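For this chain, numbers begin at 1 and follow the sequence in order. Bear in mind the structure is a predicted one, so any value in this text is a computation, not a measurement.
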Amino acid sequence: FSVESIVVEKSYDGPHPAGELLDNNNNGSSNNNNNNNNGSNNNNSDDLETHLFQVGKLPREFVLASIEHFKSQKTIHKRYVARLLIAAKHYYENTPSLLDIPIPANGPVE
């Protein structure tokens, strides 16, 4: 499954995780992923987007805008939902589980 294959349509009016960062990287062009001439901006924006969805990197503005978007009974684009779910999966896979707590062979101390 490739998240990059999910295209964010121009009609999507919700928050974008890179927001102004993508606009600055594309020299003022809009931050869509459709029909770039050479594809290099797509790769740059995909790399930036991948970086932003790591633990602790997601911009506060995107989170707050997403909350407001939800309050307006709107949805977040499936590309961003997929990235959030994948990031959460990686986070919980690397978080120690309570099942790893050592228990003495002779039982708990009372």
Side-chain angles (χ1 to χ4, degrees):
F1 171 70
S2 173
V3 176
E4 289 80 15
S5 67
I6 303 172
V7 177
V8 179
E9 300 81 14
K10 287 184 179 183
S11 62
Y12 174 65
D13 66 343
H16 295 273
E20 294 174 4
L21 294 175
L22 276 179
D23 288 340
N24 292 339
N25 284 344
N26 290 336
N27 297 323
S29 65
S30 66
N31 61 347
N32 66 57
N33 294 327
N34 295 335
N35 300 329
N36 285 329
N37 293 336
N38 59 13
S40 64
N41 287 341
N42 263 351
N43 290 337
N44 290 339
S45 61
D46 286 345
D47 291 344
L48 178 60
E49 197 177 283
T50 300
H51 173 74
L52 289 175
F53 276 93
Q54 294 175 5
V55 176
K57 303 285 184 184
L58 198 58
R60 179 178 172 86
E61 295 80 20
F62 173 71
V63 175
L64 294 175
S66 296
I67 291 169
E68 290 302 317
H69 203 64
F70 280 130
K71 286 181 181 179
S72 301
Q73 302 295 309
K74 297 180 181 179
T75 59
I76 302 301
H77 195 276
K78 60 186 172 184
R79 177 179 176 130
Y80 306 141
V81 172
R83 287 213 184 267
L84 284 169
L85 291 173
I86 291 169
K89 177 183 181 280
H90 289 275
Y91 173 77
Y92 286 112
E93 284 176 341
N94 295 321
T95 301
S97 173
L98 291 176
L99 299 176
D100 293 336
I101 297 173
I103 298 176
N106 58 355
V109 179
E110 293 183 23

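By the side chain to side chain contact (heavy atoms under 4.5 Å, CB included) test, Tyr91 is found to be paired with Val55, Thr95, residues two or more places apart in sequence or in another chain being considered. Checked against salt bridge (Lys or Arg N to Asp or Glu O under 4.0 Å), Lys74 has the following partners two or more places apart in sequence or in another chain: Asp13.
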What pairs of donor and acceptor atoms, side-chain ones from residues 81-90 against any protein atom, are under 3.5 angstrom apart with sequence neighbours left out?
unit_1, atom_1, unit_2, atom_2, d
Arg83, NE, Glu49, OE2, 2.5
Arg83, NH1, Thr50, OG1, 3.3
Arg83, NH2, Glu4, OE2, 3.1
Arg83, NH2, Glu49, OE2, 3.4
Lys89, NZ, Glu93, OE2, 2.6

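You'll find the side chain of Phe62 stays beyond 4.5 Å of the side chain of Leu52, heavy atoms only. The shortest distance between side-chain heavy atoms of His77 and Ile6 falls below 4.5 Å.
Heavy atoms only, all atoms of each residue included: Tyr80 and Phe53 are closest at O-CE2, 3.8 Å. The nearest pair of heavy atoms linking Ser66 to Pro15 is OG-CG, 3.5 Å. Closest approach of Phe70 and Thr75 over heavy atoms only: CE2-CA, 4.5 Å.
Each of Leu64, Val63, Leu58 was scored for a side-chain contact (heavy atoms from CB on, under 4.5 Å) with Arg60, with one residue passing: Leu64.
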